[in-house]
Amino acid sequence: MYLETERLILRPFCDSDGKDLYGYLSREEVVRFEPYPVFSLEEANKEAKKRALDPAFIAVCLRDPEGPGKLIGNLWHAADGAPDWRTWEIGYVFHSDFQGKGYATEAGSRLLEYLFCSLGAERVTAMCDPQNVKSWRLLERLGMRREGHLLHNVFFHRDDEGRPVWKDTYLYAILRSEFHSN
Ligand SMILES: CC(C)(COP(=O)(O)OP(=O)(O)OC[C@H]1O[C@@H](n2cnc3c(N)ncnc32)[C@H](O)[C@@H]1OP(=O)(O)O)[C@@H](O)C(=O)NCCC(=O)NCCS
């Protein structure tokens with residue numbers, strides 16, 4: 001997969017992305033709503049190698065006519081359910097220095113176009129923590145509808161006494177017909 005937008009290149013990860021990946025996964029404000037803690041440089045190098053073998057992860061880089069553009073974030077996509085259902089789930093994480101500039105909307109729109117127009121998706125879904133306002137606002141900018149508010153459906157951590165720290169989840173989706181009429 002190799003996709004372009006006005007300002008971005010969307011491409012597979014490669015082994016050498018570890019340093020740029022560390023640039024954002026080492027930041028508390030970036031991983032706050034993720035199921036993992038901040039990464040060390042060593043962990044980010046390993047993660048880049050893992051992602052290079054996993055087509056679900058898409059590296060989002062700035063277009064740079066003078067060479068390989070900086071990696072500023074990533075998208076994620078995976079089949080959700082049986083292949084015949086033609087449903088994909090998407091996710092996204094962007095470097096905090098490159099938020100608030102419309103890059104996530106630009107990359108996310110291109111990914112939706114790829115899923116609906118190239119892969120023939122019928123439905124695309126996304127999940128986020130209701131407290132992650134930037135995330136669900138992005139999903140609404142992408143034309144996705146809130147379909148549900150799941151209560152205490154997941155936990156990523158336990159408290160000091162070992163009790164689960166339950167979290168709610170918003171479920172968003174967009175159908176092929178909605179994408180084409182937007
Ligand atoms: C979720 C996340 C990707 C959203 O990023 P974002 O920067 O808010 O989204 P965009 O890149 O689309 O930027 C939109 C903002 O840029 C502004 N903007 C500036 N220039 C712009 C341009 N040229 N085009 C479009 N928007 C532009 C918009 O007005 C909007 O601002 P607002 O938030 O004040 O309304 C980001 O917060 C993130 O990576 N968070 C950490 C990881 C995470 O929580 N992931 C989700 C887990 S469910």
Side-chain angles (χ1 to χ4, degrees), residues 3-11 13 17-40 43-44 47-48 50-51 54 56-65 69-80 87-116 123-157 165-174 179 182:
L3 304 171
E4 295 184 11
T5 69
E6 195 188 332
R7 299 180 293 172
L8 303 168
I9 302 289
L10 278 53
R11 59 155 174 82
F13 268 84
D17 284 328
K19 192 165 159 253
D20 279 349
L21 196 57
Y22 173 71
Y24 62 95
L25 292 185
S26 60
R27 295 188 171 202
E28 189 56 51
E29 73 270 20
V30 171
V31 302
R32 182 168 161 228
F33 292 103
E34 293 298 299
Y36 46 78
V38 289
F39 279 55
S40 65
E43 287 166 337
E47 181 70 13
K50 208 171 97 193
R51 291 185 181 194
D54 183 350
F57 286 95
I58 303 167
V60 178
C61 305
L62 294 177
R63 283 181 90 115
D64 182 350
K70 183 177 172 55
L71 170 71
I72 59 160
N74 64 266
L75 300 170
W76 175 87
H77 68 306
D80 186 4
T87 298
W88 274 264
E89 183 182 346
I90 61 167
Y92 36 79
V93 177
F94 279 73
H95 192 305
S96 39
D97 288 352
F98 295 89
Q99 293 179 22
K101 298 176 195 305
Y103 289 131
T105 303
E106 194 169 317
S109 304
R110 188 68 187 87
L111 177 59
L112 288 182
E113 188 189 350
Y114 170 72
L115 293 171
F116 285 116
R123 171 180 163 89
V124 176
T125 64
M127 310 264 239
C128 77
D129 186 323
Q131 291 179 28
N132 194 351
V133 178
K134 284 186 180 179
S135 181
W136 58 258
R137 286 188 60 202
L138 166 64
L139 294 171
E140 292 184 1
R141 276 197 297 277
L142 292 174
M144 299 180 77
R145 269 176 300 102
R146 189 181 299 167
E147 284 193 344
H149 182 169
L150 317 183
L151 303 181
H152 286 203
N153 66 312
V154 69
F155 74 88
F156 302 143
H157 311 287
V165 180
W166 292 106
K167 284 174 162 286
D168 293 356
T169 300
Y170 279 160
L171 168 64
Y172 275 79
I174 180 169
F179 176 78
N182 281 347

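Numbering of ligands and ligand atoms starts at 1, following listing order.
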Can you list the ligand 1 atoms lying under 4.0 Å from a non-hydrogen atom of [X]?
X      : answer
Met127 : 48 (S)
Lys134 : 4 (C), 37 (O)
Arg7   : 23 (N)
Val30  : 41 (C), 42 (C)
Ser135 : 1 (C), 46 (C), 48 (S)
Phe94  : 3 (C), 38 (C), 39 (O)
Tyr103 : 11 (O)

Heavy atom under 4.0 Å from ligand 1: found in [X]'s side chain, backbone, both, or neither?
X      : answer
Asn132 : side chain
Arg137 : side chain
Gln99  : both

Hey, is [atom] under 4.0 Å from any protein heavy atom?
atom                    : answer
atom 31 (O) of ligand 1 : no
atom 34 (O) of ligand 1 : no
atom 28 (C) of ligand 1 : no

Closest non-hydrogen protein atom to [atom], residue and atom name please, with distance?
atom                    : value
atom 11 (O) of ligand 1 : Ala104 N, 2.8 Å
atom 14 (C) of ligand 1 : Arg141 NH2, 3.3 Å
atom 22 (C) of ligand 1 : Lys101 O, 3.3 Å
atom 45 (N) of ligand 1 : Tyr92 O, 2.9 Å
atom 12 (O) of ligand 1 : Thr105 OG1, 2.4 Å

**Q.** Passing option when Tyr92 is tested against Thr105, Leu142, Ile58, Leu139 for side-chain contact (heavy atoms from CB on, under 4.5 Å)
**A.** Leu139
Does the distance from a Lys or Arg side-chain N to an Asp or Glu carboxylate O, for [X] and [Y], drop under 4.0 Å?
X      : Y      : value
Glu6   : Arg63  : no
Lys70  : Asp20  : yes
Asp97  : Arg27  : yes
Asp129 : Arg32  : no
Lys134 : Glu29  : no
Arg110 : Glu106 : no

Q. Given Glu34, Glu6, Arg32, which one has a non-hydrogen atom that is nearest to atom 47 (C) of ligand 1?
A. Glu34
Q | Distance-minimising heavy-atom pair for Ala59 and Asp17 | A | CB-OD2, 4.5 Å
Q | Taking every non-hydrogen atom, the tightest pair across Ala126 and Glu89 | A | CA-CG, 4.4 Å
Considering distance alone, does some N or O of [X] sit under 3.5 Å from an N or O of ligand 1?
X      : answer
Gly100 : yes
Gly102 : yes
Leu138 : no

Q | Polar side chain donor-acceptor pair, Glu140 to Tyr172, under 3.5 angstrom | A | yes
Q. Can a donor-acceptor pair be found between the side chains of Tyr24 and Asn74 at a distance below 3.5 Å?
A. yes
Q | Heavy-atom check, side chain of Leu3 versus side chain of Glu113, under 4.5 Å | A | no
**Q.** Criterion side chain to side chain contact (heavy atoms under 4.5 Å, CB included) on Tyr103 and Leu62, from CA distance to verdict
**A.** CA-CA 9 Å; Tyr103 289 131; Leu62 294 177; 3.7 Å; yes
Q. Taking the non-hydrogen atoms of Glu106, is any one of them nearer than 4.0 angstrom to ligand 1?
A. no
(Q) If we ignore hydrogens and angles and just use 3.5 Å, is the side chain of His77 paired with the main-chain N or O of Ala56 as donor and acceptor? (A) yes
